[in-house]
Amino acid sequence: VQLQASGGGLVQAGGSLRLSCAASGRPFSNYAMGWFRQAPGKEREFVAAIMWNAYSKDYADSVKGRFTISRDNRKNTVYLQMNSLKPEDTAAYYCAGGRGAGRLAYEYDYWGQGTQVTVSS
């Protein structure tokens with residue numbers, strides 16, 4: 001599976017962005033999908049994950065209530081709607097695909113390139 005993330009940018013605090021991650025290659029619907037982020041000087045951290053059927057979703061506490069993960073298996077795309085953005089959300093955001101919608105990076109087999117999100121105060 002090849003993953004291509006897009007949608008990052010510069011936004012003011014309180015604003016919104018929607019990230020997209022388009023998949024190609026193996027059947028997208030077979031995989032759970034996750035979003036991770038990494039700020040400069042920090043480790044990559046879990047943001048959100050969604051099972052292949054979209055029935056189960058998981059969020060990091062830091063984004064719960066502000067971010068929403070979704071997927072469209074017909075379009076082979078997973079989304080991350082980010083609302084009420086804060087400066088501490090600034091990071092490179094990565095999408096990932098794996099067999100289980102876990103919170104650990106090693107649980108994912110496929111990774112997209114990062115898309116930068118910068119939130120100004």
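Atom set for the values below is all heavy atoms of this structure, side chains included, hydrogens, waters and symmetry mates excluded.
Among residues at least two apart or in separate chains, ring-ring contact (aromatic ring centres under 6.0 Å, His included) pairs with a member in residues 63-121 are Tyr31-Tyr110, Phe36-Tyr108, Phe36-Trp111. Pairs of residues two or more places apart, or lying in two chains, that qualify as salt bridge (charged side-chain N to carboxylate O under 4.0 Å, His left out) and include a residue from residues 28-41 are Arg37-Glu45, Arg37-Asp89.
The existence of a salt bridge linking Arg103 and Asp58 is confirmed by a sub-4.0 Å separation between a basic side-chain nitrogen and an acidic carboxylate oxygen.
Listed for the Thr115 side chain is a donor-acceptor partner under 3.5 Å among the backbone atoms of Gly8. Ser20 contributes no side-chain N or O that, together with a main-chain N or O of Ser6, makes up a donor-acceptor pair within less than 3.5 Å. Proximity of a side-chain donor or acceptor of Lys86 to a complementary backbone N or O of Gly14 within less than 3.5 Å is not detected.
Residue Trp52 is not grouped with residue Leu3 when hydrophobic side chains (ILVMFWY) are merged at heavy-atom distances under 4.5 angstrom, including chains of intermediate members. Both Tyr59 and Leu17 are members of a single hydrophobic cluster when ILVMFWY side chains are connected at heavy-atom separations under 4.5 Å. There is no path of hydrophobic side-chain contacts, each under 4.5 Å, that joins Ile69 to Phe46. The hydrophobic clustering, which links ILVMFWY residues whose side-chain heavy atoms are closer than 4.5 Å, places Val11 and Met82 together.
Side-chain contact between Cys21 and Met33 is present, with at least one heavy-atom pair separated by less than 4.5 Å. Taking 4.5 Å as the limit, every side-chain heavy atom of Val1 sits out of range of all side-chain heavy atoms of Asp109.
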*asked:* Please determine whether side chain to side chain contact (heavy atoms under 4.5 Å, CB included) holds for the pair Ser16 and Gln81, giving the CA-CA distance in whole Å, both sets of side-chain angles, and the decisive distance to 0.1 Å.
replied: CA-CA 7 Å; Ser16 299; Gln81 177 66 43; 4.0 Å; yes
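Listed by chain and residue number, nothing satisfies the side-chain hydrogen bond (donor to acceptor under 3.5 Å, both in side chains) test with Asn30 (two or more places apart in sequence, or in another chain).
Here CG of Asn73 is found 12.0 Å from NZ of Lys75. Values are rounded to the nearest 0.5 Å. Rounding to the nearest 0.5 Å gives a distance of 5.0 Å between CD of Gln12 and OG of Ser120.
Of all the heavy atoms in Ala32 and Ala101, the pair that sits closest is CB-N, 3.5 Å. Closest approach of Ala49 to Gly102, counting heavy atoms only: CB-O, 4.2 Å. Closest of all the heavy-atom pairs between Ile50 and Ser70 is CD1-CA, 3.8 Å.
Residues Asp72 and Thr77 have side chains that never bring a donor and an acceptor to within less than 3.5 angstrom of each other.
The side-chain tip of Arg71 points at the ring of Phe28 from less than 6.0 angstrom away and within 45° of straight on.
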